[in-house]
Amino acid sequence: MKSADWETSHNMTQHDIALLLADAADEVEIGIAPAQAVIRGGRRRKARRWAVVAATTVVVAGCTGALALTGLSGDGDRGVSPASRPVASPEGPEPHMRTTLASGTDAGAPWRVYIDVWKAPADTAEAKATLAAMAKFGEHPEDVSTASELVGKVAHFVYRVTGEEARTTQIADMVLPEDDVQSGGEYGTVSLPLLPENDTAPRLVTGQVAKTAREVTCTWKDGTTTKVGRASAATEANAAVPVIHSLKDSPDDWFVCLAPKSTEFEGIKVTK
Amino acid sequence: MGVRKQAGDREFQAFVVGRWPRLMRTAFLLTGEQHAAEDLVQSTLEQVYVAWHRVASADAPEAYVRRVMINAHARRYRRKLREFLVPRSEDAGLTHEVADTGDRIAQADDRHVLLKALAELPARQREAVVLRYWEDLTETQTAEAMGCSVGTVKSNAAKGIAKLRAISGLAETVTLGGRK
C-alpha cells in the first residue's frame, strides 16, 4: 500500500507540474487569430479533397507509377478509398445523372471522361432510394455508411474510359453538402495518366471550379497552355475543345482537358 | 456564396478567434517552438474548417479539435521534424539555481528547463502529460484525443511525469512547492 506521505508528495508533484506547464505555456506569443487565412486554407483543403481520393484510388489500384497532385497536402487526411475497379459501361442511352466532361482521340485511341452526379436527397427515405439507384450502377460513396449521412449531400463519381474496348475505371468519388459551393478563383484538380496502364505522364486533368468561373487556364510543363472556357457555338461544333460544364445538381462546375503528348500537367488558374 | 455557407463561415471565424489563445498554448507545449505552434494550430483549424458542417453540430467540438491537433502533431513527429523540439542553442547548458519565486530570471529559467524537458520526452508521453496536466482532461478524454486506451494514457503520463521529476532543475522547483 502506498504511504500517505508518498500520496501527498505524488499529488503535489503532479499539481506542481500543472503549474509549471501553465507557466511555460504563457511564454508563447498568442498574437491575433488569423481567422481569414485559416478559412482560405480550409477552402483550399476542401477543394482538394476529391483529388486525394482519386490519387489514392489510382495508387491502390496500381494502375500507374506516376501521378501528379495539385496542392496535395501530404497530411494523409483521408483514409484509403476502395480500390478503383473497372466498371462496365451500362449499355443504351446515357442515364439522367451522367454527363460527358470531355472526349477525344489520343494517338489513335479514343478516350472519354464522364461524371455521374446524384442530387442531394432531402430526407432519409430519399437517401435510401438514391443509394439503391446508385447501386444499380455499381456506385456507393466512400464517405457514406448510412442513408442518413447522404441527406443534403451531392454525390459525384468520375470515370475514365479508354481504348477501343472502352475500358472504364472510376477515378474519383466525392460527396459534398449541396450548399458547399466554391467561389472566386477556388478550384480543385487531379491529374492522372490518360491510360490506366503503361502510362506515367500525368496529362489528363479533371477539375472543379466555381459556377462563376468563365475561363480556366491549364499550364503544361513545357510552358504551353490550354484555355478552357464556357460552351459556345464554336466549341459545340468541335467536341475536342474542352469546356467548363455546369451540372445542374452539383455545387461546382467541372472541366477536363488533356496535355499534349510530349508534356504533362503543371498547374491551373481561374483566369476569368 | 450561399447564405448557409456565409453563416457557417461566421460561426467558424468566431470559433477560431475564441479558441486561438488556448490552442496556441497547448500547441506551444507540444512543439516547444513559437512558429511550429502557429503552424500546428493553423493546420488543425484548416482541417476543422473542412469538417465544420459536422463539427459545429457536434456536442463537443473541442474534443474533435484536440483529436485533430494530436493527430497532426503525431504525424509531424513521425516525419522527424525534431528541430522543432530541440531547444535553441542559447538555452543549452543553462545552470539552474533555485531562487525566490518572484525572481523573473529564475522563472524564465524554469520555463526553459521545463520546455527542454518536455522536448526530450517521446511524443506520446509529451501528449499525455500536456493533455492531462495542462488541458486538465480526464484519462478517458485524453485517451479519446490520443486515439488510444486509458491504460496507454496512464502509462505514457506516468513515464512522462517520472522523467520530468528526474530533471534536476524541475525537481528542485517541485521540491520547493513549485511556482504559485
Side-chain angles (χ1 to χ4, degrees), chain A residues 8-50 52 73-78 143 149 151-153 175-184 186 210-212 251, chain B residues 1-5 8-9 12-21 23-29 34 37-38 41-43 45-50 52-53 71-72 75 107-108 110-115 118 129-130 132-134 136 157 161 164-165 170-171 173-180:
Chain A
T8 303
S9 166
H10 182 68
N11 290 336
M12 175 69 85
T13 300
Q14 295 187 351
H15 176 67
D16 291 340
I17 290 287
L19 290 173
L20 285 166
L21 286 170
D23 190 31
D26 276 342
E27 182 149 304
V28 71
E29 293 171 22
I30 301 298
I32 297 169
Q36 288 306 317
V38 168
I39 289 173
R40 283 195 300 275
R43 285 182 183 154
R44 279 195 296 274
R45 281 173 186 264
K46 191 180 274 191
R48 291 196 300 249
R49 278 181 306 171
W50 76 276
V52 177
S73 68
D75 280 351
D77 299 333
R78 295 294 303 263
D143 287 346
E149 291 174 15
V151 174
K153 294 175 185 169
V175 173
L176 288 175
E178 59 185 330
D179 63 346
D180 190 3
V181 298
Q182 300 205 70
S183 59
E186 293 176 356
K211 288 194 174 290
T212 52
Chain B
M1 191 185 290
V3 173
R4 279 178 61 193
K5 188 174 179 184
D9 278 3
F12 178 75
Q13 186 168 344
F15 180 85
V16 169
V17 171
R19 302 301 196 284
W20 180 263
L23 290 171
M24 274 296 293
R25 290 189 175 95
T26 301
F28 184 63
L29 293 177
Q34 175 83 27
E38 288 169 2
V41 177
Q42 186 154 344
S43 167
L45 289 170
E46 285 177 6
Q47 290 179 61
V48 170
Y49 178 84
V50 172
W52 183 243
H53 205 64
N71 281 342
R75 276 197 298 275
Q107 190 172 6
D110 282 349
R111 288 173 176 172
H112 289 145
V113 169
L114 178 69
L115 288 170
L118 269 177
V129 167
V130 170
R132 287 281 287 125
Y133 301 109
W134 157 248
D136 201 23
I161 287 290
L164 292 181
R165 290 175 70 187
L170 286 179
T173 304
V174 166
T175 303
L176 294 176
R179 303 233 170 258
K180 304 296 181 193

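Labels below follow one simple rule: chain letters A, B, ... track the order of the sequence lines, proteins then strands, and each chain is numbered from 1.
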Chain A contact via [X] - side chain, backbone, both or neither, heavy atoms under 4.5 Å:
X: B/Leu23; answer: neither
X: B/Val48; answer: neither
X: B/Leu29; answer: side chain

Gap between atom [atom2] of [Y] and atom [atom1] of [X] - 0.5 Å precision:
X: B/Phe28; Y: A/Glu29; atom1: CZ; atom2: CD; result: 9.0 Å
X: B/Arg165; Y: A/Ile17; atom1: CZ; atom2: CD1; result: 8.5 Å
X: A/Asp23; Y: B/Leu114; atom1: CG; atom2: CG; result: 8.5 Å
X: B/Leu118; Y: A/Leu20; atom1: CG; atom2: CG; result: 10.0 Å

Point to revise | Within-4.5 Å side-chain heavy-atom neighbours: A/Arg43 and B/Asp9 | key: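 Counting from C-beta outward, A/Arg43 and B/Asp9 do come under 4.5 Å.
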Practice item. Evaluate the side-chain proximity of A/Glu27 to B/Gln34: yes if any heavy-atom separation is below 4.5 Å, no if none is. Key: no
Practice item. Look at the side chain of B/Trp134 and the backbone N and O of A/Ala22, then say whether any donor-acceptor pair between them is shorter than 3.5 Å. Key: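 No; judged by distance alone, with no hydrogens or angles, the pair does not exist.
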Practice item. Please determine, by modelled atom types, if A/Gln36 and B/Gln13 share a side-chain donor-acceptor pair under 3.5 angstrom. Key: yes
Point to revise | Counterpart residues, side chain to side chain contact (heavy atoms under 4.5 Å, CB included), relative to B/Gln42 (two or more places apart) | key: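 B/Gln42 satisfies side chain to side chain contact (heavy atoms under 4.5 Å, CB included) with A/Pro34, A/Ala37, A/Val38, B/Glu46 only.
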Practice item. Could you walk me through whether A/Ile39 and B/Val16 pass side chain to side chain contact (heavy atoms under 4.5 Å, CB included), step by step? Key: CA-CA 9 Å; A/Ile39 289 173; B/Val16 169; 5.9 Å; no
Practice item. Provide the closest heavy-atom pair for B/Val50 versus A/Gly42 in the form atom of the first, atom of the second, distance. Key: CG2-O, 3.5 Å
Review point. Looking at A/Ala25, A/Ala24, A/Ala35, A/Pro251, which one has more heavy-atom pairs under 4.5 Å with chain B than the rest?
Key: A/Ala25
